[in-house]
Amino acid sequence: MPIHLLPPPAVSVPAQGEPGVDPRGADAYGPATDEEPVTVRFAGLRLVHAALRRDLARLPNALRLLQPDEEDKGEAILRHWTFMTAMLTCHHEQQDTRIWPIVRRFAPELRLLLNWLEADHHNLDHSFTRVTTLVRIASRDTGSAWPVAYAMEDLAARLETHLRIEERQLLPRMERVVADNSRLGGLAELLDLLRGADGPGTADALAWLLDGVDPVLVERLLAECDDDVARNWPHWQATYQRCTAPLWGPVGGAADGELGSLVD
């Protein structure tokens, strides 16, 4: 069953151009003009990493502050944790089924690292599933909130090790073997995967990914998406902010600069 934080958007079909031609004047391999490319390298991967760090830093404190009479907030914490876990699973699927096979082909020296990362994806998915059970209990029983918050933080530290390995050992090599304007690992590719999966919807995923991102960078990222996404973005963003404000207050800046610095 699909997981939604926002109301599902109305179904619409974006306008189609000529076959094989991007509506912004680019073909599948890059821009057709001399304009500067707007693509952010591997934005889908980087955004998921930043969003996971952001929420794993603030969800434990939200759980610790939960009061016995705040049933709605407890449900909101559980719903957000479940959504975040579903996004992590989709992120791992994007890597294991779409990205790693291509990297193995063009950078075979990385195959042992990729095998380890793929195995660790399965271990992380199981760990998140176990913590989800604990969060479900703590969302109804505030007496167990502190131990579960510590379990969240332990899992966040374990995940951080995995993310750093990808960012420091894998992404620099991918930058050398993947074309500058490739969709591989990008935001558009991730949204395509989500549309075909029984998981988070486009509206939920995009609002979560871009929470706290610098507005200038948001515009660049939306340029990678289709017109329907760009047109609905202001509504999705506003609705997401209303839904999550009870968890950690009004909208603020990026956490520790992670979300505002996807590109140098």
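As a basis for the values below, the full set of heavy atoms in this structure was taken, side chains included, without hydrogen atoms, waters or symmetry mates. For this chain, numbers begin at 1 and follow the sequence in order.
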Using side-chain heavy atoms (C-beta onward) and a distance below 4.5 Å, is Ile165 in contact with Asp120? no

Sidechain N-carboxylate O distance under 4.0 Å for Arg164, Glu160: yes

Assess the pair Trp100 and His92: is the distance between their ring centroids shorter than 6.0 Å? no

Taking atom CG of Leu117 and atom CD of Gln169, what is their separation to the nearest 0.5 Å? 8.0 Å

Before giving the answer on salt bridge (charged side-chain N to carboxylate O under 4.0 Å, His left out), spell out for Glu93 and Arg98 the whole-Å C-alpha distance, their side-chain angles and the decisive distance to 0.1 Å. CA-CA 8 Å; Glu93 181 180 347; Arg98 298 193 179 200; over 6 Å; no

Mind checking whether Ser127 and Arg158 have side chains closer than 4.5 Å, heavy atoms only? yes

Do Pro246 and Lys73 touch side chain to side chain, with heavy atoms closer than 4.5 Å? no

Donor-acceptor pair, Glu224 side chain versus Val40 backbone, under 3.5 Å? yes

Thr129: which residues meet the side-chain contact (heavy atoms from CB on, under 4.5 Å) condition with it, sequence neighbours left out? none

Closer than 3.5 angstrom, by distance alone: can the side chain of Asp211 be matched with the main-chain N or O of Ala207 as a donor-acceptor pair? no

Between Leu66 and Ala138, what is the shortest heavy-atom contact and its length? CD2-O, 3.8 Å

Might you point out which heavy atoms bring Ala149 and Leu63 nearest each other, and give the distance in Å? N-CD2, 3.9 Å

Pairwise distance CG(Leu187) to SG(Cys225) - rounded to 0.5 angstrom: 4.0 Å

Strictly by ring pair (Phe, Tyr, Trp, His ring centres under 6.0 Å), give each pair with a member in residues 134-158 just once, sequence neighbours left out. none

So Leu206 and Gln237, do their side chains get closer than 4.5 Å, heavy atoms only? no

Do Arg46 and Glu166 meet the salt-bridge criterion of a basic N to acidic O distance under 4.0 Å? no

According to a 4.5 Å side-chain heavy-atom criterion applied to Ile, Leu, Val, Met, Phe, Trp and Tyr, with indirect links allowed, do Phe42 and Ile102 form part of one hydrophobic cluster? yes

Could you go through the side-chain hydrogen bond (donor to acceptor under 3.5 Å, both in side chains) check for His91 and His121 one step at a time? CA-CA 10 Å; His91 172 64; His121 287 168; 5.8 Å; no

Taking every non-hydrogen atom, the tightest pair across Ile99 and Gly185: CD1-CA, 3.6 Å

With sequence neighbours excluded, what pairs up with Ala156 under the side-chain contact (heavy atoms from CB on, under 4.5 Å) test? Leu56

Does any part of the side chain of Trp236, heavy atoms only, come nearer than 4.5 Å to the side chain of Asp204, both counted from C-beta? no

Please report the C-alpha distance between Trp116 and His162 in whole Å, then the side-chain angles of each, then the deciding distance to 0.1 Å, and finally whether the side chain to side chain contact (heavy atoms under 4.5 Å, CB included) criterion is met. CA-CA 10 Å; Trp116 181 87; His162 183 98; 4.1 Å; yes

Nearest heavy-atom contact between Leu209 and Leu47 is O-CD2, 3.6 Å

Can Leu155 and Arg130 be said to form a side chain to side chain contact (heavy atoms under 4.5 Å, CB included), step by step? CA-CA 10 Å; Leu155 185 54; Arg130 287 195 295 270; over 6 Å; no

CG (Leu59) and CD (Glu153) are apart, to the nearest 0.5 Å, by 10.5 Å

List in chain and number order the residues that pass salt bridge (Lys or Arg N to Asp or Glu O under 4.0 Å) with Arg140, two or more places apart in sequence or in another chain; answer none if no residue qualifies. none

If you measure from CG on Leu124 to OG1 on Thr85, what distance do you get to the nearest 0.5 Å? 11.0 Å

Are Leu163 and Met84 connected, step by step, through hydrophobic side chains (Ile, Leu, Val, Met, Phe, Trp, Tyr) whose heavy atoms are closer than 4.5 Å? yes

Can you name the side-chain contact (heavy atoms from CB on, under 4.5 Å) partners of Ile137, sequence neighbours left out? Ser144

Output, in order, the C-alpha distance, side-chain angles, deciding distance and verdict of side chain to side chain contact (heavy atoms under 4.5 Å, CB included) for Phe128 and Thr89. CA-CA 10 Å; Phe128 270 84; Thr89 300; over 6 Å; no

Is Leu113 linked to Leu184 within one hydrophobic cluster, defined over Ile, Leu, Val, Met, Phe, Trp and Tyr using a side-chain heavy-atom separation of less than 4.5 Å? yes

Testing the basics here: between Cys90 and Leu194, what is the closest heavy-atom pair and its distance to 0.1 Å? SG-CD2, 3.5 Å

Nearest-0.5 Å distance, CD of residue Glu75 to CG of residue Leu78: 8.0 Å

Enclosure of Glu71 CD (heavy-atom neighbours >12, cutoff 6.0 Å): no

Indicate yes or no: at least one non-hydrogen side-chain atom of Leu222 is less than 4.5 angstrom from one of Leu210. yes

Taking the six-membered ring of Trp208 (Phe, Tyr or Trp), confirm whether the NZ or CZ of Arg54 is under 6.0 Å from its centre and within 45° of its axis. yes

Same cluster or not: are Val148 and Leu65 linked, directly or through other Ile, Leu, Val, Met, Phe, Trp or Tyr residues, by side-chain heavy atoms under 4.5 angstrom apart? no

The salt bridge (Lys or Arg N to Asp or Glu O under 4.0 Å) partners of Glu167 (sequence neighbours excluded) come to Arg53

With heavy-atom distances below 4.5 Å as the criterion, would you say the side chains of Asn115 and Arg104 are in contact? yes

Under the side chain to side chain contact (heavy atoms under 4.5 Å, CB included) criterion, do Arg231 and Asp228 qualify, and how do the steps go? CA-CA 5 Å; Arg231 182 170 55 253; Asp228 187 56; 3.0 Å; yes

Indicate whether any N or O donor in one side chain lies under 3.5 Å from an N or O acceptor in the other, for Asn61 and Arg64. yes

Can you check whether Leu170 reaches Leu114 side chain to side chain, under 4.5 Å on heavy atoms? yes

Taking Ser182 for its side chain and Val178 for its backbone only, find out whether a donor-acceptor pair lies under 3.5 Å. no

Transitive ILVMFWY side-chain link Leu193 to Phe83, under 4.5 Å: no

Quick one: pull up CG in Leu190 and CZ in Arg195 and give me the separation to the nearest 0.5 Å. 10.0 Å

What one should report as the nearest heavy-atom pair of Arg41 and Met174 is NH2-O, 4.1 Å

